[in-house]
**Student:** 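Below you will find the structure I want to go over with you.
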Amino acid sequence: MLNPPQIRSRLGESAAAAWQGDRFVLDETASWLTSVTARELLRIDHDARRFRYEVPALGEPEKWTSEVLASPVPVVAVLAGMHPNGYVRERAVRSLVTSPAALSDRALAVRVSDHVKAIREVAVREVLRRRTLDNADRVVPLLHRIEQRGRGFEVLDLYLRALVSEHGEANVWARLRSSADHDLRRAAFRHSFDSGLLGLPDAIALLPGERDQVVRQRLIGIIAGSAAPDTISRVLLRDRAAESRTLALVKLTAAQLDPADVERLLLDSSVLTRVWARRRWQEMGRDPVAVYATSARSTATPVVRARAYIGLAETGTAIERREVVALVRGTELPLRKAGLSLLRSRATAEDIPLLLQSVAGDHSRVARLAGEVLVDNPRLWTVTELAPLKAAEDPELRRRAWWIHRRRGGWEAVIADLELLHDSDPRLAGLGRQRELPMYSRPTATQQRRITDLLSTAPLDRRQRRFIAFAAGLPDLAERLS
């Protein structure tokens with residue numbers, strides 16, 4: 001979506017094209033106004049009619065002559081219909097009434113909320129006359145948004161009644177459920193289920209192919225709330241969404257669940273699903289730790305084994321440190337990530353070389369997890385150990401080193417930023433332009449010397465360098481920088 005200055009600029013170019021009969025620009029404008037969403041079109045209309053500027057975005061009203069408005073190109077009247085001058089808008093709306101173009105449907109729908117009564121009445125009358133389902137595809141998304149805004153709110157109900165009387169309720173709402181407008185589509189599904197047009201069998205049939213998360217939540221809620229236990233188990237326990245699987249475990253008792261399903265969900269990708277699976281598994285009189293221990297040391301896929309190790313940690317089961325380190329040293333990516341997650345609270349100084357090696361590796365997620373282990377254990381390593389990473393040719397490795405250094409907090413974060421300002425990569429150096437200084441602590445003597453060296457060559461203006469020097473307790477340096 002364009003910002004207001006861009007909208008004004010484009011409208012100005014389009015207005016000039018309307019006055020000059022530039023068909024190429026007008027066709028581009030028509031494509032633009034046809035492609036934008038209902039929300040965006042209302043915003044364009046709002047920006048076109050704002051009085052914040054001396055000259056309207058669509059030009060002086062005198063330029064919209066009868067000859068201009070008589071253009072056979074519908075987008076000319078559409079543009080005039082957004083002019084801040086009420087007389088121009090009124091003439092444009094009367095011109096739009098005679099145009100069967102698809103864009104005219106949208107332009108008339110916008111005007112049903114016009115503050116000028118004469119314009120509003122003409123627009124409402126014509127919109128209510130355009131009652132094909134194709135018209136509805138273009139009109140209803142705008143009326144739906146206008147209903148939430150105040151003036152013209154009653155038109156949506158009038159229009160829907162007219163559509164239903166002509167095409168039947170089932171056909172109208174089926175069409176609206178296929179709308180490209182997300183808000184309208186969601187409202188159509190809500191109405192269809194609330195009114196009884198759709199029911200449980202429809203929810204079951206629609207859920208596998210539905211991609212809109214809001215609609216999916218509605219379908220899942222209906223299935224969980226009214227389906228039989230075997231249906232909930234069949235449909236939700238095997239659904240791709242963790243929300244479905246978790247809700248099924250919540251709704252069904254241990255007696256209603258198949259142990260094979262619960263055992264499978266003990267190793268689910270969702271934390272919440274695993275929590276409920278363990279609860280139901282224990283209600284069945286079984287031990288989830290035994291499942292996790294067996295799976296973790298089995299020949300299952302690395303992903304399943306990794307989840308089993310995480311499951312052991314979630315149950316508070318002790319895992320030998322050497323086993324955790326072996327996971328980190330392994331070659332399977334899921335197991336390495338699981339190992340790093342388990343190492344966070346158990347790292348020792350012996351692990352630092354391995355962690356730094358992981359930070360410098362090719363896998364960004366492994367590098368991030370290894371960095372988090374370092375950040376959580378700052379007493380096990382020193383900043384000087386990051387020097388090889390800071391000097392690496394790869395800017396991504398230098399960024400990782402800066403991130404780890406900065407996470408030490410306090411004045412080390414300031415030093416990390418000042419160091420990064422000197423980086424040869426301008427995008428990376430830009431990350432160092434942070435302005436967070438510790439408020440209630442002073443740097444150590446070693447940190448003060450480092451700050452002094454960095455400030456002398458930092459690409460900052462004099463005021464910024466003096467500010468940092470004063471905050472760091474270096475008044476002499478601040479004076480020299482003044």
Side-chain angles (χ1 to χ4, degrees), residues 302 306 324-344 347-438 443-444 446-461 464-465 468-469 472 477 481:
V324 173
V325 174
L327 293 176
V328 178
R329 293 185 182 277
T331 58
E332 298 292 351
L333 189 59
L335 292 171
R336 290 181 66 193
K337 291 190 290 186
L340 287 166
S341 297
L342 297 172
L343 193 61
R344 289 183 73 160
T348 67
E350 298 176 358
D351 302 321
I352 300 304
L354 175 60
L355 292 171
L356 291 173
Q357 180 183 347
S358 299
V359 170
D362 296 333
H363 300 288
S364 60
R365 181 58 181 158
V366 169
R368 179 75 176 212
L369 288 170
E372 289 174 353
V373 177
L374 291 170
V375 168
D376 286 352
N377 297 274
R379 296 182 180 181
L380 301 180
W381 56 279
T382 63
V383 173
T384 56
E385 293 177 88
L386 295 176
L389 286 173
K390 292 182 177 182
E393 292 186 9
D394 186 351
E396 173 58 21
L397 297 185
R398 301 199 299 274
R399 187 198 65 78
R400 293 174 187 175
W402 161 77
W403 181 83
I404 295 170
H405 187 180
R406 195 174 198 281
R407 290 289 297 275
R408 288 183 78 96
W411 284 97
E412 286 301 329
V414 178
I415 293 171
D417 289 343
L418 290 174
E419 287 178 347
L420 198 67
L421 285 172
H422 295 79
D423 197 276
S424 58
D425 187 321
R427 288 179 297 181
L428 195 55
L431 297 176
R433 295 189 175 276
Q434 315 260 355
R435 293 293 172 267
E436 299 175 5
L437 298 179
T444 64
T446 301
Q447 289 173 331
Q448 285 181 327
R449 287 193 294 272
R450 184 61 178 148
I451 291 170
T452 300
D453 293 340
L454 291 168
L455 277 180
S456 62
T457 55
L460 298 172
D461 61 43
Q464 292 172 322
R465 286 187 288 175
I468 296 173
L477 176 61
L481 295 173

**Student:** Going through the checks in order, is the side chain to side chain contact (heavy atoms under 4.5 Å, CB included) test met by Leu386 and Trp381?
**Tutor:** CA-CA 9 Å; Leu386 295 176; Trp381 56 279; 3.7 Å; yes
**Student:** Find the distance between CZ (Arg408) and CD1 (Ile415) and round it off to the nearest 0.5 Å.
**Tutor:** 10.5 Å
**Student:** For the atom pair CG (Leu431) and CG (Asp425), what is the distance rounded to the nearest 0.5 Å?
**Tutor:** 9.0 Å
**Student:** For the residue pair Arg449 and Thr446, confirm or rule out a side-chain donor-acceptor distance under 3.5 Å.
**Tutor:** yes
**Student:** Is the backbone of Glu393 close enough, under 3.5 Å, to the side chain of Arg398 for a donor and an acceptor to pair up by distance?
**Tutor:** yes
**Student:** Does the side chain of Val328 reach to within under 4.5 Å of the side chain of Gln357, using non-hydrogen atoms?
**Tutor:** no
**Student:** With rounding to the nearest 0.5 angstrom, report the CG to CG distance, Leu420 to Leu428.
**Tutor:** 4.5 Å
**Student:** Which value, rounded to the nearest 0.5 Å, describes the distance between Leu418 atom CG and Ile468 atom CD1?
**Tutor:** 5.0 Å
**Student:** Is there a donor-acceptor pair closer than 3.5 Å between any side-chain N or O of Gln448 and the backbone N or O of Ala472?
**Tutor:** yes
**Student:** Do Ile352 and Leu374 have side chains that approach each other closer than 4.5 Å (heavy atoms only, starting at C-beta)?
**Tutor:** yes
**Student:** Would you mind listing every side-chain hydrogen bond (donor to acceptor under 3.5 Å, both in side chains) that reaches into residues 331-343, with sequence neighbours excluded?
**Tutor:** none
**Student:** Measure the spacing between CG of Leu389 and CD of Glu396 and express it to the nearest 0.5 Å.
**Tutor:** 10.5 Å
**Student:** Without swapping roles, check the side chain of Asp417 against the backbone of Val414 for a donor-acceptor pair under 3.5 Å.
**Tutor:** no
**Student:** What's the shortest heavy-atom distance between Ala429 and Asp423, and which atoms?
**Tutor:** CB-O, 3.9 Å
**Student:** Taking all heavy atoms of Arg465 and all of Leu455, pick out the closest pair and write down the distance.
**Tutor:** CD-O, 3.2 Å
**Student:** About how many Å separate CD of Gln447 and OG1 of Thr452, when rounded to the nearest 0.5 Å?
**Tutor:** 11.5 Å
**Student:** Minimum heavy-atom separation for Ala370 and Ser358, please, with both atom names.
**Tutor:** CB-CB, 3.6 Å
**Student:** Which pair of heavy atoms, one from Leu327 and one from Gly339, lies closest together, and at what distance?
**Tutor:** CB-CA, 3.9 Å
**Student:** Within 45 degrees of the ring normal and closer than 6.0 Å to the centroid, is that where the cationic atom of Arg368 sits relative to Trp403?
**Tutor:** yes
**Student:** Could you go step by step and tell me if Thr384 and Thr382 meet the side chain to side chain donor-acceptor pair (under 3.5 Å) rule?
**Tutor:** CA-CA 5 Å; Thr384 56; Thr382 63; 2.8 Å; yes
**Student:** Side chains of Gln464 and Pro459, heavy atoms from C-beta outward: is any pair under 4.5 Å?
**Tutor:** no
**Student:** Taking the side chain as everything from C-beta on, heavy atoms only, tell me whether Arg365 gets closer than 4.5 Å to Leu333.
**Tutor:** no
**Student:** Do the non-hydrogen side-chain atoms of Arg400 and Ser364 ever get within less than 4.5 Å of each other?
**Tutor:** yes
**Student:** Is any side-chain heavy atom of Leu355 less than 4.5 Å from a side-chain heavy atom of Leu380?
**Tutor:** no
**Student:** Would you name the heavy atoms of Val366 and Leu340 that are closest together and state the gap between them?
**Tutor:** O-CD1, 3.5 Å
**Student:** Given the rule in the side chain to side chain contact (heavy atoms under 4.5 Å, CB included) test, do Leu454 and His422 qualify, once you have shown the distances and angles that lead to the verdict?
**Tutor:** CA-CA 9 Å; Leu454 291 168; His422 295 79; 4.0 Å; yes
**Student:** Between the side chain of Arg406 and the main-chain N/O of Ala416, is any donor-acceptor distance below 3.5 Å?
**Tutor:** no
